[in-house]
There are 2 protein chains.
Amino acid sequence: MVRRTSLREADCPVARSLDTIGDWWSLLIIRDAFDGMRRFGEFQKSLGVAKGILSARLNSLVNADVLALVPASNGSAYKEYVLTEKGRGLFHVIVGLRQWGEAHLFAPGEPHSELIDIAAGQPVGPLEFHSLDGRVLGWEGTVVRKVSAKT
Amino acid sequence: MVRRTSLREADCPVARSLDTIGDWWSLLIIRDAFDGMRRFGEFQKSLGVAKGILSARLNSLVNADVLALVPASNGSAYKEYVLTEKGRGLFHVIVGLRQWGEAHLFAPGEPHSELIDIAAGQPVGPLEFHSLDGRVLGWEGTVVRKVSAKT
DNA sequence: CTATTTGGTCCTATAATAGGACCAGTTGTC
DNA sequence: GACAACTGGTCCTATTATAGGACCAAATAG
């Protein structure tokens, strides 16, 4: 009853997404996974999170098919956590958070990590959102249509 | 000492963003704000969250300059919470979560709320991410360059 | 003026997180 | 192979956050 609210059955895709990866640590783990981290110890060192919590989060993400537990790539007996295709689908979310943070949470000139376009060897451009016919859309150009109520 | 981890000073913009809006309720409040909700009671009814929590979250978001507390638009003595420009900058994050949820968290044919392109009167297209010279970028085409360590 | 709505505060119980002790299996060193 | 160190956890305790609801003052409705 005092169970933490579950949004697993919500009509809104945003709510369901947050139910899966909306806690305090999951998106940071996924960010690190995009940066190439794979081992339990790597995540633990990078995040400084308690091991018990990390263990719970990793299991939860594996359970949600965001991460997969695979044999270590170097042939050792240990396992590694890698992004699944579903997990890699969160790229735009991570990039969105990154660009918002860059734009609003750093003082001018304050150093921060940067996302680099490998082919061009330079920083990336802004995330964009388009209509089906190609116009760039902003928040003003859109509206959410609720799922038809049970009438 | 057992204070919840703060990421306010992190080098990574993703971490700083999550420090501001990465808790269990903030992004849902922001989603509702994009949907046009403005009053305390509207948020409370929509989310079903305890009023004390909602109060704390709203104050925190106002403090972070994501929401602003303004006089009610209908002339009453009540106040309303509206997105600031900084808050509206989270549009891409919300859209990213929405599209990921739509793609991976609903059964085929299962109904869900939809984001509509007003001008075209139809659902929107996918969020895209481009290089500075216009190519569409995916996670494989990018790498994070860490801020130069204190060498 | 009275009743209801609105927008909160405050309290208690439960759940989640932080920090660290502890431990088994794996790997590195000689 | 013996031993030490490393890795990847589990488990315990203390603190913080959340859920749910009682309560209350100001605003509005009738």
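Naming convention: chains lettered A, B, ... in sequence-line order (proteins, then strands); numbering from 1 in each chain. All of these numbers come straight from a predicted model, not from anything done at the bench.
Terminal axes of the helix from C:dC1-D:dG30 to C:dC30-D:dG1 (five pairs each, C1' rotation axis) are separated by 30°, to the nearest 10°.
Taking the salt bridge (charged side-chain N to carboxylate O under 4.0 Å, His left out) definition, one finds that B:D32 meets it with nothing, sequence neighbours left out. Looking at residues two or more places apart in sequence or on another chain, you find no side chain to side chain donor-acceptor pair (under 3.5 Å) involving B:D19. Checked against ring-ring contact (aromatic ring centres under 6.0 Å, His included), A:Y78 has no partners two or more places apart in sequence or in another chain. Take A:S60 and apply the side chain to side chain donor-acceptor pair (under 3.5 Å) test, not counting sequence neighbours, and it matches no residue. In this structure, the salt bridge (charged side-chain N to carboxylate O under 4.0 Å, His left out) partners of A:R145, at least two apart in sequence or on a different chain, are B:E114. Legend: residues meeting side chain to side chain donor-acceptor pair (under 3.5 Å) with A:E110, ordered by chain and number and at least two apart, are B:R16.
Annotation: proximity of residues 45-72 of chain B to DNA chain C (heavy atom, distance under 4.0 Å) is found for B:K51, B:G52, B:S55, numbered in ascending order.
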Could you run down the sub-3.5 Å N/O contacts of the protein with nucleotides 25-28 of chain D?
| residue | atom | partner | partner atom | Å |
| --- | --- | --- | --- | --- |
| D:dA27 | O4' | B:Y78 | OH | 3.4 |
| D:dT28 | OP1 | B:A77 | N | 2.5 |

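Among pairs with a residue in residues 31-74 of chain A, those fulfilling ring-ring contact (aromatic ring centres under 6.0 Å, His included) read A:F34-A:F91, at least two apart in sequence or across chains. Residue pairs meeting the salt bridge (charged side-chain N to carboxylate O under 4.0 Å, His left out) criterion with at least one member in residues 94-105 of chain A, sequence neighbours excluded: A:R98-A:E102. Residues in residues 48-66 of chain A take part in these salt bridge (charged side-chain N to carboxylate O under 4.0 Å, His left out) pairs, two or more places apart or across chains: A:D23-A:R57.
B:Q99 places a side-chain N or O within donor-acceptor distance of the main-chain N or O of B:G125, the cut-off being under 3.5 Å.
C:dA16 atom P lies 10 Å from atom CG of A:D23, rounded to whole Å.
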